[in-house]
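Heads up: the structure comes next, in structure tokens.
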Amino acid sequence: MKKIIFMLCSVIPLGLQLPYLLSAWRGSRLDRLDWIFCLLAIPAALWACRSGKSGKTQWAALLLLVPMLVLSLSADYHHINAAAAAAAMLCIWAAVWLIYSWSMAYKVLPAAVILLLATPSSSYIVSLLLMCPVWGAWLLKFLLAAGCMLWIWGNKRHNWEVGKGTLFFAAAVAGSSLLLLHSREIYFEGRSFIPEFSGRAGDFWGRRIEPDENTRRFFVTSSVRQFRYTRNDCDISVLAVKCGSDIHEIHPASHCLRTSLWSVHAEKVWYWQEDFAVTEIDAEKNSRRILVWVWYSTDRFSTPGFLGFRRHFRSGGNYYTYQISTPVYESVEQSRHILQQFVQSLKHQTVMEIK
């Protein structure tokens, strides 16, 4: 009975995350199917532990349970709700390991992996880390869930069991390898670039546009400005945001485009200059195709990617994000050249500080 009560208590952190999960599944087009993994994890766990035997308490599991519990309950401090939700899910698996032994924990590990696939933003994170389209990330997640079901079948048929050290070492290697693919982006710190937008930037003439009601409602704690610049051969749109206290108002540009039904053909970090880089996005919706440049900046440095920006963000600091876009007229190269000229014009009239 004590073990059952403890297991029920281990579900409480996930219960506290339920409003966030429901909101993400209901409000995000990229996350709307993830609830399926929550439902699938239940029969998977029951099937996995059906013939398992309970072992002795293993206190080593506290090395995982305690940090996950702290991470899941401290979302108000670290402001990463997806991480808190994933940690809450891992609390349940760590509790199985603690009170039912490693043998039982290994049996239900595939069900825990399936449950983790329900983490909000996981589809975008997979697509970002593996540099594949979001539909490819969805496909990989469902294939992984199917693989976990085969894993459970194989465990029951062949009685497989992998040691704790081997499993955690393999997970660390896999995670590190994925992060290495983006290490330059994450740790790149270029020159601070906080443009001053006026009525003219070089050959480009501009005007300020009042943000619509939806934009103002989205950036509740942030200061948002929009501009439109034109030249004889081109048109440029600018979104400039001074980030407020809520990190969740700032999303990767490609994520926002996809949720607005744009198809992203390509996304890459372009190291335009030795001390400045942008994320370049080639997107299309219906018959309209655009090229977007994105960068994030503080008073001390700039970074091209959301991962690098998220690594540095602290509530109360001065953080800025900029998105500039232009239609793809004849080729991506031509539009890239237009954006390059525009940014160079902004640089010429903007005082940049290096601290």
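Hydrogens, waters and symmetry mates are skipped; everything else that's a heavy atom, side chains included, is used.
The hydrophobic cluster around F169 extends to V173, counting ILVMFWY residues whose side-chain heavy atoms fall within less than 4.5 Å of a member. Counting Ile, Leu, Val, Met, Phe, Trp and Tyr side chains that sit under 4.5 Å apart, directly or through other members, W205 stands alone, with no cluster partners.
Judged as a side chain to side chain contact (heavy atoms under 4.5 Å, CB included), and not counting sequence neighbours, the contacts of E330 are Q334. Residues meeting the ring pair (Phe, Tyr, Trp, His ring centres under 6.0 Å) test with Y296, sequence neighbours left out: F309. Scanning for salt bridge (charged side-chain N to carboxylate O under 4.0 Å, His left out) contacts around D31 gives an empty result, with sequence neighbours left out. In this structure W138 satisfies the side chain to side chain donor-acceptor pair (under 3.5 Å) test together with S123, sequence neighbours excluded. Partners of Y271 by ring pair (Phe, Tyr, Trp, His ring centres under 6.0 Å), not counting sequence neighbours, listed by chain and number: F188. Partners of Q323 under the side chain to side chain donor-acceptor pair (under 3.5 Å) rule, at least two apart in sequence or in another chain, do not exist in this structure. Among residues two or more places apart in sequence or in another chain, the side chain to side chain contact (heavy atoms under 4.5 Å, CB included) test is passed with E213 by R216, R217.
Sorted by first and then second residue, the pairs that involve residues 219-229 and meet salt bridge (charged side-chain N to carboxylate O under 4.0 Å, His left out), not counting sequence neighbours, are R228-D235. Screening residues 283-295 for side chain to side chain donor-acceptor pair (under 3.5 Å) gives H265-E284, E280-W293, D282-R289 as the qualifying pairs, with residues at least two apart or on separate chains.
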Subject >> side-chain contact (heavy atoms from CB on, under 4.5 Å) between I194 and Y322, intermediate numbers included >> reply: CA-CA 9 Å; I194 303 173; Y322 300 96; 3.0 Å; yes
Quiz: residues 37-45 side-chain donor-acceptor pairs under 3.5 angstrom, not counting sequence neighbours:
none

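A donor and an acceptor atom, one from each side chain of R231 and Q341, are located under 3.5 Å apart.
Heavy atoms from other residues, nucleotides or ligands lying under 6.0 Å from CD of E274 number 12 at most.
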